[in-house]
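A, B, ... follow the sequence lines: proteins, then strands. Residue 1 opens every chain.
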2 protein chains.
Amino acid sequence: MTSVAAPELTPRARQTRAAIVDAALVLFRERGYEAATMREIASRAGVSTGNAYYYFSSKEELIQEFYLIRHAEHLAASRAVLARETELGARLRGTLRALIDGLAPYQAFAGTFYKHAAEPSSPLSPFSKESSPARDASIELFREVTEGSSARMSEEVRQRLPELLWLFSMGVILYWVHDPSPGSARTYHLIDVTAPVVARLVAVSRLPMLRSTVRDITRLIDDLRA
Amino acid sequence: MTSVAAPELTPRARQTRAAIVDAALVLFRERGYEAATMREIASRAGVSTGNAYYYFSSKEELIQEFYLIRHAEHLAASRAVLARETELGARLRGTLRALIDGLAPYQAFAGTFYKHAAEPSSPLSPFSKESSPARDASIELFREVTEGSSARMSEEVRQRLPELLWLFSMGVILYWVHDPSPGSARTYHLIDVTAPVVARLVAVSRLPMLRSTVRDITRLIDDLRA
DNA sequence: GAGCACACTTGAACGTGTTCAGGAAATTCT
DNA sequence: AGAATTTCCTGAACACGTTCAAGTGTGCTC
C-alpha cells in the first residue's frame, strides 16, 4: 500500500508523505475514520501532528488519497475480467464485483467516507463539473469497460455511457454501504441482476423505434449536467 | 417557528427545549451548520452548554428537529395544491415544488444537512428499515399525494408508490443541493419534467402487456429492501 | 565555504463537540 | 410538612481537528 501521485517533492518529503498516507490508511482500516486521530496518524508516521498538515490541508483530504489508492487497486483487479470478457454486461458485472471486493475491509465505516460524495463542496460530487483525479480516473475505467466491449451503440450513447456507468457504480456503493447481508451478498446480487439489464438497455438503444426516446433522454441528461 | 414533538416533559422543560431548537434553527439559517456552535446555541437559548445535551444527545440530533419542522411547514404548504389538484402528476409536481420552496433559505448549507442521509447510521437513510419520525411523516405525505389522486393503479403499485415517491424526493433534494442555477431554476425544471413522467409510468403500469414487467420490478424492489 | 533562500518540521495553542461530577429545582411519597 | 426521588441544570474539563509563529535542515549562489 503506497502513495500514488506525488508531484515535485524532494525524495525525503515524498517518503514522509507516503508514510503519513500509509499510517492513515492502516488506522482508517483498523479503527474507522472518526476514531483515527490526526495525532496518532502523525505519530505512527513518525512525524509531528502539524507536519501532517503540511502535506494534507485537512483530514478529509486523506480520504482523497484513499480514493486514489482504492482506484489503483480496483484497476488492477479489473484487468483480468476486462482482458477476458467482451460482452458489455459481463465486463460491467466483473468491474463492479471487483469494486465491492476491494472495498470489503472498509465496509464498517465506508459510510463515513462516501457521505462526503453527497456534499456539493466535494470534488467527488456526481453533479459538480469540477473534476477530481479520483473521479476522472474512475470514469476512465468505465470508458475502458465501454470501449473494450463488443456492444454496438450510437456515438451519443458511447460518449455518455462511461460517466453514467460511474454514476451507477456510485449508486452500487451507496447500496453496499447500507447492505447488512453477510458477505454483502445482496449487493453482489444487485450487480448480477442489473449489469445485464444495463447492457440490454444499451443494445436496445440502437433500435430505430427508440431513436427519439434516446434523444430525449440524452438531451435531458445534458440539460441536467449543464 | 416552534418545536413540533415534545413528549412527556414538564412545561418548563418543554419551553427550554423549544428555546434551544429555536436558537439552533435561527443560527443554522444565519451562519450554517458548522459555524453555529453549541455554545452559542445554548447561550442564545439562555441555558448552559451542557444543558443542551440534556435534550439533544448531539448537535446532529438538532438536525432531526430541523427535518421535523421543515416537514410540518412542507405539509402546510402542500395543503393548497393537494386540495385543488386531482391528477397525480400535478399533485406530485406541486408537492415537490413546495418542498424546494421551503428549503430555499437553507440552500447554502443544506449539503451539510442532507449528506447525513447517506450514512447508514442515519435514520433518514433511504435503505435502512429503521424508521425516523421525520422520514415516516414525509412518506405519509406522499401517501396522501398518491391516495388523493384520481390515478388508478394496482394494489401492489399503490402500496409501494409513496415510499418510491419519497425516495424520488430525496433524489430531487440531492440534485437541488448541487444546483447552482439562480433561483434553483434547474431543479424546478427537473420537477416539472419528471413529475408528469412518473404519473405516466404509473398509468402505464396498468397495461396487461406490462403485467409481468411490473411484477419483476416490484419483486426486485422488495428484494432490495428486504 | 559562507551566506541565503526556501522546503520542511515542530509543538504549543485555539475553538470545537461532548462528557461528567455534582448542584438546584421540582415532584412524589409518607 | 419534611424527606426522598427524580428531573433539570451547570461549568469546568477532555480529546479532537486545525493553525501558526518559530525553528531546522538542505541545496544553491557567489
**OP:** Only counting residues at least two apart or in another chain, list the ones meeting side chain to side chain contact (heavy atoms under 4.5 Å, CB included) with A/Leu190.
**Re:** A/Tyr175, A/Thr194, B/Leu224
Original post:
Has A/Lys59 got its NZ or CZ under 6.0 Å from the middle of the six-membered ring of A/Tyr53, at an angle within 45 degrees of the ring axis?
Top reply: no
Subject >> Of residues 54-61 of chain B, the positions that come close to DNA chain D - non-hydrogen atoms, cut-off under 4.0 Å >> reply: B/Tyr54, B/Tyr55
**OP:** Assert yes or no for the condition that the ring centre distance of B/Phe168 to B/Phe142 is strictly below 6.0 Å.
**Re:** no
Original post:
Under 4.0 Å between a side-chain N or O of B/Tyr53 and OP1 or OP2 of C/dT18?
Top reply: yes
For residues 35-45 of chain A, tabulate all N or O donor-acceptor pairs below 3.5 Å that involve a side-chain atom, not counting sequence neighbours.
{"from": "A/Thr37", "atom 1": "OG1", "to": "A/Glu40", "atom 2": "N", "distance (Å)": "3.0"}
{"from": "A/Glu40", "atom 1": "OE1", "to": "A/Arg31", "atom 2": "NH2", "distance (Å)": "3.0"}
{"from": "A/Glu40", "atom 1": "OE2", "to": "A/Arg31", "atom 2": "NH2", "distance (Å)": "2.4"}
{"from": "A/Arg44", "atom 1": "NH2", "to": "A/Glu30", "atom 2": "OE1", "distance (Å)": "3.2"}

**OP:** For the residue pair B/Asp179 and B/Thr187, confirm or rule out a side-chain donor-acceptor distance under 3.5 Å.
**Re:** yes
**OP:** Return the set of residues passing side chain to side chain contact (heavy atoms under 4.5 Å, CB included) with A/Glu85 (not counting sequence neighbours), or none when no residue passes.
**Re:** A/Val81, A/Ala90, A/Arg91
Original post:
Are the side chain of A/His74 and the backbone of A/Thr95 linked by a donor-acceptor contact shorter than 3.5 Å?
Top reply: yes
Subject >> Between D/dC9 (P) and B/Arg17 (CZ): distance, integer Å >> reply: 13 Å
**OP:** Output the residues of residues 31-44 of chain B in contact with DNA chain D, where contact means a heavy atom of the residue under 4.0 Å from an atom of the strand; sort by number or write none.
**Re:** B/Arg39
Original post:
When you check every protein heavy atom under 4.0 Å of nucleotides 21-27 of chain D, what one-letter string (B, S, -) results, 5' to 3'?
Top reply: -----S-
Original post:
Measuring from A/Thr112:OG1 to A/Ile63:CD1, what's the distance to the nearest 0.5 Å?
Top reply: 8.0 Å
Original post:
What's the closest nucleotide to the A/Asn51 side chain, out of C/dT9, D/dT10, D/dG17?
Top reply: C/dT9
